[in-house]
Trainee: 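Dumping the structure here so I can ask a few things about it.
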Amino acid sequence: MKLKKEDLLKYISLPVILIILALLVIFRSVPSGHIWQNYSVLYVPVTANVNTVNNCLNNAGVAEYVSLENQRIPIMLAENTVQMSMLKMGLSKNRIEADSRDESITGYLNFRDNYFFDASKKYKLIYVPEVYKKNLDDCINLLERERIEAGSDSSYSYPWLLPVITAIVMILLSFFSRNKLFFILECLIPVVYVFCNPFYSSAAAVILLYIALFFISNLFGRRGAVKYLSRGLIVAFIIAFSIASAFAGSILSGIFFIMTLLGTALVIYLFNVIKTASSKRYSFQPVYIRPAKMIQVFGGNGKIVMPVTIAGIVLVILYFTFSSATNSGLTKKKNAVFIPGKTELQAQELPELEDFYRWNWNVLTAPFKSLNVESDFDSYPANDTMIFPNYTVTDGIITETDSYMSYDENFKHTVFDNIDELDFESIEKVIKVQGEDFICGYVSAGTYHVSLFSIIMMFVCFAMLLFIYFSTIIKRKGGRK
């Protein structure tokens with residue numbers, strides 16, 4: 001006996017809904033304090049014993065890491081070159097005669113050490129590759145057994161306020177829905193979605209989606225409801241912007257949001273099936289007289305429903321703004337550890353790639369500069385060209401030719417590419433992964449980076465709600481809203 005498609009959908013709806021809920025919970029994507037791309041940051045007190053810390057890292061399975069102790073000179077030069085000899089001489093002079101140090105050689109090397117300390121210089125930082133992120137918790141536990149305070153930028157507290165805001169908005173809207181139970185049921189999976197994907201853009205997506213679900217709950221059971229809603233562009237735009245906002249959090253978050261929409265559609269279908277089957281038990285089956293197109297989608301409560309949803313989006317944006325201000329150091333947070341990370345303004349204490357390029361230039365051109373001219377690490381050799389003699393022997397005759405070296409984009413790209421050739425775990429490799437446009441300042445260790453796309457989509461959702469509010473409530477001219 002073959003099952004009809006309609007009967008098959010009845011049987012699989014509940015299992016599919018349960019599977020979607022299970023997947024949301026099992027593969028929940030909770031934000032982590034991931035400040036550096038492809039790296040996590042472990043911090044320990046500067047007084048911590050280096051050997052003990054290294055042993056804990058190794059025992060936790062962390063085989064590779066970037067620390068202050070394993071840093072060397074970040075340039076590959078042959079030992080018999082003049083540049084290497086002058087570099088060693090400059091470094092030796094820096095250690096022996098502080099007054100005669102060559103800042104063009106030592107300046108960058110001194111500044112780069114700041115990447116291994118927090119802003120207060122109370123904690124020492126270790127950069128751990130992403131492949132060992134799961135080992136960090138074991139490492140922190142081992143360090144704490146050794147009575148060494150430790151933490152990481154992955155130790156981000158769960159943002160409870162986001163799912164709480166979405167749940168409160170749902171509860172408030174249910175009071176003004178004509179089908180309260182139905183509205184709550186169709187909103188359950190979206191609420192679970194935010195609890196499992198507590199991103200700012202995900203919360204904004206769900207709050208925007210509430211409007212479409214509110215329309216559906218008020219028109220549920222009316223003749224022509226599906227046709228009326230599908231014909232109106234407002235619901236289509238709401239769903240489209242909600243999906244885009246969900247994907248702004250992450251690709252996985254967007255995929256789960258689509259699954260959430262599927263689960264919500266099945267909840268609506270299953271509720272309709274149950275209600276239809278229940279009404280068939282009675283000889284008299286009441287039906288709505290007026291069709292969907294004659295009903296107010298807001299149920300006469302638009303002036304309350306829209307401000308509630310707009311307030312929900314505003315709270316999400318304010319929460320993001322406050323968190324960003326706190327994590328960037330604009331506001332004080334008790335016991336916060338501020339470590340180097342991506343910001344809008346470069347911290348003076350932290351050198352950038354441009355400083356690394358200049359240092360390479362100073363090292364490579366040092367043998368050809370006049371000793372009577374003082375060199376400075378901060379001097380900027382923009383468009384500088386160095387001409388120096390080069391000697392070749394041909395048939396026993398020494399020939400002098402001029403060689404050229406220019407501080408230009410080609411030079412910078414060469415230095416940038418050569419970072420990978422360094423034979424140790426250098427901080428330059430960590431910085432290179434962040435991109436040539438990387439700007440570094442101090443941010444809270446307990447934060448995570450919010451993409452520009454996420455920020456844009458939060459405001460897009462806010463603008464969409466404002467558009468609905470002004471177009472259907474404030475500027476209505478006798479129409480049904």
Side-chain angles (χ1 to χ4, degrees), residues 37 66 71-94 100-115 340 342 344-394 397-441:
Q37 184 177 344
V66 182
Q71 296 305 292
R72 300 203 296 273
I73 300 173
I75 191 170
M76 298 298 291
L77 293 172
E79 287 293 327
N80 60 351
T81 59
V82 179
Q83 287 91 340
M84 178 58 78
S85 298
M86 293 192 68
L87 177 58
K88 290 182 176 179
M89 184 173 62
L91 294 176
S92 298
K93 186 182 292 186
N94 177 52
S100 59
R101 72 184 63 163
D102 186 352
E103 287 295 334
S104 68
I105 301 297
T106 62
Y108 171 78
L109 297 179
N110 292 330
F111 275 117
R112 76 198 282 254
D113 289 350
N114 290 328
Y115 277 102
K342 186 173 183 179
E344 299 298 326
L345 297 175
Q346 181 74 26
Q348 293 183 350
E349 305 93 329
L350 301 170
E352 50 189 331
L353 282 173
E354 185 64 44
D355 299 315
F356 182 61
Y357 301 149
R358 278 187 278 160
W359 177 78
N360 271 266
W361 173 262
N362 290 333
V363 171
L364 295 174
T365 60
F368 313 109
K369 293 179 179 178
S370 173
L371 297 177
N372 297 320
V373 179
E374 291 187 6
S375 299
D376 189 356
F377 166 68
D378 291 326
S379 61
Y380 191 76
N383 301 318
D384 195 4
T385 299
M386 182 67 64
I387 304 175
F388 53 91
N390 190 29
Y391 300 93
T392 58
V393 179
T394 305
I397 300 175
I398 300 176
T399 304
E400 178 182 339
T401 57
D402 289 335
S403 295
Y404 297 85
M405 183 183 293
S406 298
Y407 187 84
D408 52 19
E409 291 302 317
N410 289 332
F411 176 82
K412 294 179 183 180
H413 284 307
T414 300
V415 174
F416 185 78
D417 293 337
N418 288 342
I419 291 176
D420 292 331
E421 303 300 322
L422 297 175
D423 58 354
F424 66 99
E425 297 298 327
S426 71
I427 189 62
E428 286 76 21
K429 291 182 178 180
V430 180
I431 298 173
K432 179 180 178 179
V433 175
Q434 315 310 310
E436 291 190 78
D437 59 345
F438 177 64
I439 298 176
C440 193

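What you see is a predicted model; the values in this text were computed from it and never measured.
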Trainee: Determine the interplanar angle of the Trp359 and Phe356 rings, folded into 0 to 90°, and report it as parallel if under 30°, tilted if 30 to 60°, perpendicular if over 60°.
Mentor: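 Rings of Trp359 and Phe356: parallel, under 30°.
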
Trainee: As an exercise, state the distance from CD of Glu428 to OH of Tyr115, rounded to the nearest 0.5 Å.
Mentor: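 Interatomic distance, Glu428 CD to Tyr115 OH, rounded to 0.5 Å: 9.0 Å.
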
Trainee: Indicate the atoms forming the closest heavy-atom contact of Ile73 with Phe424, along with that distance.
Mentor: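 Minimum heavy-atom separation between Ile73 and Phe424: O-CE2, 3.7 Å.
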
Trainee: Using every non-hydrogen atom in the two residues, find where Tyr407 and Tyr357 come nearest and quote the distance to one decimal.
Mentor: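 In this case the closest contact between Tyr407 and Tyr357 is OH-CB, 3.4 Å.
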
Trainee: Going by heavy atoms in the side chains, are Phe411 and Thr414 under 4.5 Å from each other?
Mentor: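 Not in contact.
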
Trainee: Distance check, rounded to the nearest 0.5 Å: Ile75 atom CD1 versus Asn418 atom CG?
Mentor: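 Answer for the CD1-CG pair, Ile75 versus Asn418, is 8.5 Å.
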
Trainee: Return the minimal non-hydrogen interatomic distance between Arg112 and Ser426, and the atom names on each side.
Mentor: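 Taking Arg112 first and Ser426 second, the nearest heavy atoms are NH2-CB, 4.4 Å.
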
Trainee: Keeping the roles fixed (side chain from Gln71, backbone from Ile427), state whether a donor-acceptor pair exists under 3.5 Å.
Mentor: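 Between the backbone of Ile427 and the side chain of Gln71 there is a qualifying donor-acceptor contact (under 3.5 Å).
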
Trainee: Roughly how far, to the nearest 0.5 Å, is the CD atom of Glu421 from the CE atom of Met76?
Mentor: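 Interatomic distance, Met76 CE to Glu421 CD, rounded to 0.5 Å: 7.5 Å.
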
Trainee: For Leu109 and Pro74, which heavy atoms make the closest approach, and how far apart are they?
Mentor: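 Answer, listing the atom of Leu109 first, then Pro74: CD2-CD, 3.6 Å.
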
Trainee: With a 4.0 Å cut-off, would you call Asp423 and Arg72 a salt bridge?
Mentor: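 Counted as a salt bridge, because a side-chain N and a carboxylate O are separated by less than 4.0 Å.
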
Trainee: How far does CE of Met84 sit from CG of Leu364, to the nearest 0.5 angstrom?
Mentor: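 Spacing of CE (Met84) from CG (Leu364) equals 10.5 Å.
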
Trainee: Rounded to the nearest 0.5 Å, what's the gap from CD on Glu436 to NE2 on His413? Could you check?
Mentor: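 It is 5.5 Å, given to the nearest 0.5 Å.
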
Trainee: Does a side-chain heavy-atom distance below 4.5 Å link Thr365 with Met405?
Mentor: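 Heavy-atom side-chain distance check passes, below 4.5 Å.
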
Trainee: Do you know which of Val415, Ile419, Asp437 makes side chain to side chain contact (heavy atoms under 4.5 Å, CB included) with Leu353?
Mentor: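 Single pass found, and it is Ile419.
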
Trainee: Taking the six-membered ring of Phe416 as reference, does the cationic atom of Lys432 (NZ for Lys, CZ for Arg) lie under 6.0 Å from its centre and within 45° of its axis?
Mentor: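 Judged by the rule, Lys432 and Phe416 form a cation-pi pair.
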
Trainee: How long is the straight-line distance from SG of Cys440 back to NZ of Lys342, given to the nearest 0.5 Å?
Mentor: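 Those atoms lie 11.0 Å apart.
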
